[in-house]
Amino acid sequence: MDILQINKLDNVAVALTDLTKGKIIQIDKHDIILKENIPAGHKIALKNINKDEQIIKYSFSIGHATDDIVAGSHVHTHNLKTNLGKILNYSYKPTKISNLPKIENCTFKGYQRENGDVGIRNNLWIVPTVNCVTSTVRYLEKIGKELIKNYPNIDDCIGITHPYGCSQIGKDYQMTQKILADIVNHPNAGAVLVLGLGCENSRIEVLKDYIGEVNPDRVKFLQVQDVENEQEEAEKLMNELMAYAATFKREKVNAKELIIGMKCGGSDGLSGITANPTVGLFSDMLVSKGGTTILTEVPEMFGAETILMNRCANKELFEKTVHLINDFKKYFIKNGQEIYENPSPGNKDGGITTLEDKSLGCTQKSGSSLVKGVLAYAEPVNTKGLNLLSAPGNDLVAATACAASGAQMVLFTTGRGTPFASPVPTVKIATNSRLAGNKGNWIDFNAGRIVTDDLPLEDAAKELFQLVLDVASGKKVKAEIAGFHDLAIFKQGVTL
């Protein structure tokens, strides 16, 4: 198969492989001669399209034609423009949800925490209050990786570094505190050493207010300006923390305890055809088992937001979703930026033209479940089912936000590839087989087989579900094997 018309209402199709000028393609028994070369992932006009006529993909408009377009022509940035750019009013039109896919009872081997939470890793995390102690954290991480050899059941020692914690004020400062507190309380950490400097505005005593009550055996604090040799003091505390963490063992846990973040980055024209629908069907499967998924990157909902709004379980959630969308648009406007300043250059190279095009593909990750929760940035998830989370599209920031809200794992779909990882296991899912073949050291799952090998979508989703259970039970993803782990916080304010 050379092309795919995603929906019968579409007036464009997507090239599934590189196509050459003069090639004849067939749609509904009609032959169309390609007027130019069409790269894989890019769009082809299936009919003559007049200037200002809507371009339809996924059965929705992705923008309008800026010139007359002849059937068989390349449809992209040179002749297609977004319709976006305004704050809109919305009305609630609930969508009837069909039955979710059923799967057999399933479990994984995780760590039951004392407070009832479940982790999929039993790590020692070293969390700095401020970037000034980043080098010390990295040194202690190396020490910790040696120390864990003396303790059973501990998966790793990880320094969760970041560039903030001082010279911040107002909401920007508060968001840093909330994210760091969420990380300290995360169930993937069997134990946590919080490392402060002593003169920063994000002092340990301030952060404690955000963290709340903790088990002193699980969380310990060290302010390095207060001791003569911080490395020796930290090593003593790390040994105590590891002794506590080592008391946890993996045990059988129902899959309903899983909280999975869903994110895409470096998307291409196949993202909405292969990887994102696979994750969406996975999400429906997990939700049907009583589990939880988190969809974020709000600016990449613009143009597809009504699909999510109409799947809200009630009017209150609909109103929260309206605020989720419009508040982010106001953030763009306040900073003098165009709401539609997206997709990225890499997205465009891969065949995505407008933000609507990108968003309609992006939201495929949500599957067809009802929206059961809408979360503010840094807010922990408290409702099972599909949740929407406020965060920008930036890969590291959005993936960190998922982890901070409680995701034990992040599924990251990509058409271009990236080596990054979040604080939790980050499963890289390729949209195309070319990427999976070229970057085997990055990619954990190849959804491109849906196109190259005619793998049924349902089979791909079942395979992905099993991979998630395996990772939750201890299988390391490629980024973990490489030792990659990143944390990024949404910077929104003044730096002093």
Side-chain angles (χ1 to χ4, degrees), residues 6-7 9-12 14 41-43 49 52-66 75-77 79-93 95 262-273 275-277 279-280 295-312 318 320-333 337-348 350-368 371 374 386 388-394 398 413 415 431:
I6 298 171
N7 187 285
L9 298 177
D10 296 351
N11 56 13
V12 294
V14 178
H42 285 241
K43 294 173 288 295
I49 301 172
D52 295 326
E53 187 176 344
Q54 298 300 304
I55 306 297
I56 308 300
K57 182 182 176 186
Y58 301 106
S59 77
F60 292 89
S61 171
I62 61 169
H64 61 274
T66 56
V75 179
H76 199 37
T77 53
N79 55 14
L80 168 58
K81 187 175 181 179
T82 180
N83 292 325
L84 297 179
K86 296 180 180 179
I87 294 176
L88 304 175
N89 293 316
Y90 301 95
S91 58
Y92 184 37
K93 300 175 182 178
T95 301
M262 303 180 298
K263 172 75 179 81
C264 58
S267 301
D268 66 2
L270 297 182
S271 294
I273 296 171
N276 289 352
V279 171
L295 180 72
T296 187
E297 56 191 327
V298 175
E300 295 176 24
M301 299 176 188
F302 297 169
E305 68 268 35
T306 56
I307 298 172
L308 297 171
M309 289 175 180
N310 293 333
R311 280 168 44 201
C312 288
F318 164 77
K320 283 188 174 183
T321 305
V322 170
H323 283 291
L324 181 80
I325 297 296
N326 282 342
D327 287 352
F328 234 102
K329 288 184 177 180
K330 291 174 183 176
Y331 163 70
F332 275 66
I333 294 169
Q337 300 300 314
E338 298 285 358
I339 290 171
Y340 55 83
E341 191 58 40
N342 210 334
S344 69
N347 295 152
K348 293 175 182 177
I352 296 174
T353 310
T354 63
L355 185 49
E356 298 100 311
D357 192 359
K358 187 174 184 179
S359 295
L360 287 164
C362 172
T363 54
Q364 300 286 319
K365 299 193 300 295
S366 68
S368 60
V371 174
V374 180
L386 174 64
L388 307 181
L389 168 64
S390 180
N394 178 273
T413 65
T431 69

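Quick caveat: nothing in here was measured; it's all calculated off a predicted structure.
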Looking at OG of S271 and CG of D357, how far apart are the two atoms once the value is rounded to the nearest 0.5 Å?
-> 10.0 Å
Single hit among L80, N347, N83 for side-chain contact (heavy atoms from CB on, under 4.5 Å) with T354 = L80
Heavy-atom closest pair, residues V374 and V371 = CG2-CG1, 4.2 Å
Let me have the donor-acceptor pairs involving side chains of residues 321-329, under 3.5 Å, with sequence neighbours excluded, atom names and distances please.
residue	atom	partner	partner atom	Å
T321	OG1	L317	O	2.9
N326	ND2	L88	O	3.2
K329	NZ	K86	O	3.0

Do S390 and T296 come within less than 4.5 Å of each other through their side chains, counting heavy atoms only?
-> no
Polar side-chain atom of N79 near backbone of T66 as donor-acceptor pair, under 3.5 Å | no
CE on M262 to CG on L295, rounded to 0.5 Å | 5.0 Å
How far apart are the closest heavy atoms of I49 and A65, and which atoms are they?
-> CG2-CB, 4.1 Å
Side chains of K43 and T353, donor plus acceptor under 3.5 Å = yes
Side chain proximity check, L360 to K57, heavy atoms < 4.5 angstrom | no
Would you name the heavy atoms of G269 and I352 that are closest together and state the gap between them?
-> N-CG1, 4.2 Å
Heavy-atom closest contact (T431 atom, A275 atom, distance) | CG2-CB, 3.7 Å
Answer yes or no: does atom CG of N7 have more than 12 heavy-atom neighbours from other residues, nucleotides or ligands under 6.0 Å?
-> yes
Look at the side chain of T82 and the backbone N and O of L355, then say whether any donor-acceptor pair between them is shorter than 3.5 Å.
-> no
Within the distance-only criterion (no hydrogens, no angle test), does the side chain of N310 pair as donor or acceptor with the backbone N or O of T95 below 3.5 angstrom?
-> no
K263: partners by salt bridge (Lys or Arg N to Asp or Glu O under 4.0 Å), with sequence neighbours left out = E297, D395
Between CD1 on residue I6 and CD1 on residue I273, distance to nearest 0.5 Å | 4.0 Å
Less than 4.5 Å apart, any side-chain heavy atom of L9 and any of F60?
-> no
Go through the steps for L386 and S366 under the test side chain to side chain contact (heavy atoms under 4.5 Å, CB included), then give the verdict.
-> CA-CA 7 Å; L386 174 64; S366 68; 4.0 Å; yes
Is the side chain of K365 donor-acceptor paired with the backbone N or O of C362 at a distance under 3.5 Å, no angle test?
-> yes
Closest heavy-atom pair, Q364 versus G272, reported as atoms and distance to 0.1 Å, is CG-O, 3.9 Å
I'd like a table of donor-acceptor pairs (distance under 3.5 Å, sequence neighbours excluded) in which one partner is a side-chain atom from residues 298-308, with atom names and distances.
residue	atom	partner	partner atom	Å
E300	OE2	K358	NZ	3.2
E305	OE1	G303	N	2.6
E305	OE2	Y90	OH	2.5

What are the two closest heavy atoms between H64 and I55, and how far apart are they?
-> C-CG1, 4.2 Å
To the nearest 0.5 Å, atom CG of L84 lies from atom CD of E356 at 3.5 Å
Take S61 and I56 through the side chain to side chain contact (heavy atoms under 4.5 Å, CB included) test and state the conclusion after the steps.
-> CA-CA 5 Å; S61 171; I56 308 300; 4.1 Å; yes
